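Have a look at the structure below, then the notes.
As the structure is a prediction and not an experimental result, all values here were calculated from the model. Residue numbering restarts at 1 for every chain, and letters A, B, ... go by the order of the sequence lines.
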There are 2 protein chains.
Amino acid sequence: MKRSEIRDHLLDTAIALFNKHGFHAAGVDLIIAEARVAKTTLYRHFPTKEALILAALQRRDEIVRAEMRSFVETRARDPRERLLLTFDYLEVWFAKDTFKGCPFISAAGEHGAKDDPVFQAAVHHKREVLEYLRELAVAAGIGRPEEIARKINLLHEGAVAVAQITRETSSAQLAKEMARALLAA
Amino acid sequence: MKRSEIRDHLLDTAIALFNKHGFHAAGVDLIIAEARVAKTTLYRHFPTKEALILAALQRRDEIVRAEMRSFVETRARDPRERLLLTFDYLEVWFAKDTFKGCPFISAAGEHGAKDDPVFQAAVHHKREVLEYLRELAVAAGIGRPEEIARKINLLHEGAVAVAQITRETSSAQLAKEMARALLAA
DNA sequence: ATGTATGTAGACAGATCTGTATCGTTTTTC
DNA sequence: GAAAAACGATACAGATCTGTCTACATACAT
């Protein structure tokens, strides 16, 4: 592996293990073992474990949002259709055997203090996703785009939470059906 | 405090701290300090921390479902109205300054392995809540009661997740509005 | 190509966490 | 009221966790 790729590789390994075991349970030793990297290397890139968590969440935020954008924008031009396609993006996510719920919700669960930087990272991600839905709603020319975006967003969160517990993908299509009814009204 | 109350007091203290700090971060020493109880006492009631977690979740499950039932059943007789009142129950919950999201979702986030007893406790709770919603839907004489119950449940989960991040109560009424539209259709 | 950056390997310190052991005291129970 | 059970306080063992230190090897830029 090239040295320029080590940092991102560490972040990808870390977020995967955080997602699998939780942020506290996934220790530094486990992360470096999985990433096949020395502990010195990790601590050269990140001063503390919290910094690693924050960087991993930030990277996940960027990747997920870019993926979602690309997913819906390559499949439809109509903003309404794109809003509905976000649920298909969720469905693909749920189908992965690594899926164990939203890492940002889990992060907020483990670091629930309002002023905790980890919690704030979760808030930031959710705000950005909501903002994207709002953009789509505005582009769709729907009345009350903010309200529609909040409702679609709530359906997203519901589908994710249900899928986290049931470990089935069907909540994505259920939520999509509800979103369709919402947009038809 | 009477000795017969110590067990429940420990469970209440534990679930509060698990909710505040997370299941891993809330240590046994913190719990016994907060509960003003000796460590020996805790380990006389529960063989391991995991047993404490399971018992605390089980107690929470029973309390929450009994509370929700009592909340909606003292406020309306019409099953449709009772379905909608579940969102007001959520709103009251969100308004508490101790609210930090659903403990069962957080438990599933920290113990995501499908065969983990803690995860199974979360699954059980969610199944029971869904079953209650199904009962209400059946009593309301709605077509496709299972489907309606799943949709209401998804709106619940969405409202909780949004409230966990925003720390506002408004997602409860937003979800209620969506549920109303659902029941009207 | 040569020095600087970064990497590997692993021992180590210090804190923290779960769970046990000890022992005196209090409460319950019969 | 006496025996049994439970509680309080605290020390302790052993594991684990974060973060540091040392010593050496490798890659990269100038």
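With its glycosidic angle more than 90° from 0, D:dA27 adopts the anti conformation.
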Original post:
How far apart are the C-alpha atoms of B:Glu177 and A:Lys151, what are their side-chain angles, what is the distance that settles it, and do they pass the salt bridge (Lys or Arg N to Asp or Glu O under 4.0 Å) test?
Top reply: CA-CA 10 Å; B:Glu177 193 181 315; A:Lys151 288 182 175 176; 3.0 Å; yes

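For the pair A:Ile6 CD1 and C:dT6 C1', the computed distance is 8 Å after rounding to whole Å. Per the geometry, CD1 belonging to A:Ile32 stands 11 Å off C1' belonging to C:dT8, to the nearest Å. Across the protein-nucleic acid pair, A:Leu42 atom CG and C:dT6 atom C1' stand 14 Å apart, rounded to whole Å.
For the residue pair A:His24 / B:Glu110, no side-chain donor-acceptor distance below 3.5 Å is found, with atom types taken as modelled. No hydrogens or angles considered: a donor-acceptor pair under 3.5 Å links the side chains of B:Ser170 and A:Arg150. Counting only N and O atoms by type, the side chains of B:Gln173 and B:Asp88 include a donor and acceptor under 3.5 Å apart.
Extent of DNA chain D lying under 4.0 Å from chain A heavy atoms, first and last nucleotide in 5' to 3' order, is D:dT18 to D:dA27.
Placement of A:Phe18 and A:Tyr43 within a single hydrophobic cluster is found when ILVMFWY residues are connected by side-chain heavy-atom separations under 4.5 Å, directly or transitively.
For B:Lys49 (side chain) and B:Phe23 (main-chain N/O), a donor-acceptor pair under 3.5 Å exists by modelled atom type. Checking side-chain atoms of A:Arg60 against main-chain N and O of A:Pro103 turns up no donor-acceptor pair under 3.5 Å.
With a cut-off of 3.5 Å on both pairing distances, the Watson-Crick or G-U wobble partner of C:dC23 is D:dG8. Pair assignment for D:dA15: C:dT16, on the basis of Watson-Crick or G-U wobble contacts that are both within less than 3.5 Å.
Under the ring-ring contact (aromatic ring centres under 6.0 Å, His included) criterion, the residue pairs touching residues 136-185 of chain A are A:Phe87-A:His156, with sequence neighbours excluded. Judged as a ring-ring contact (aromatic ring centres under 6.0 Å, His included), the pairs with a partner in residues 120-144 of chain A (not counting sequence neighbours) are, in order, A:Phe104-A:His125.
For the pair B:Arg75 and B:Phe71, the cation-pi test (distance below 6.0 Å, angle within 45°) is passed.
The phosphate of C:dG7 has OP1 or OP2 within less than 4.0 Å of a side-chain N or O from A:His45.
Within residues 7-20 of chain B, no residue is approached by DNA chain D to less than 4.0 Å at the level of any non-hydrogen atom.
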Subject >> Protein proximity profile, nucleotides 21-30 of chain C - base contact B, sugar-phosphate-only contact S, no contact -, cut-off 4.0 Å on heavy atoms >> reply: B----BS---

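Looking at the side chain of B:Tyr43, the nearest of the listed nucleotides C:dG7, C:dA9, C:dG19 is C:dG19.
Side-chain heavy-atom separations under 4.5 angstrom define the hydrophobic clusters, and A:Leu130 shares its cluster with no other residue.
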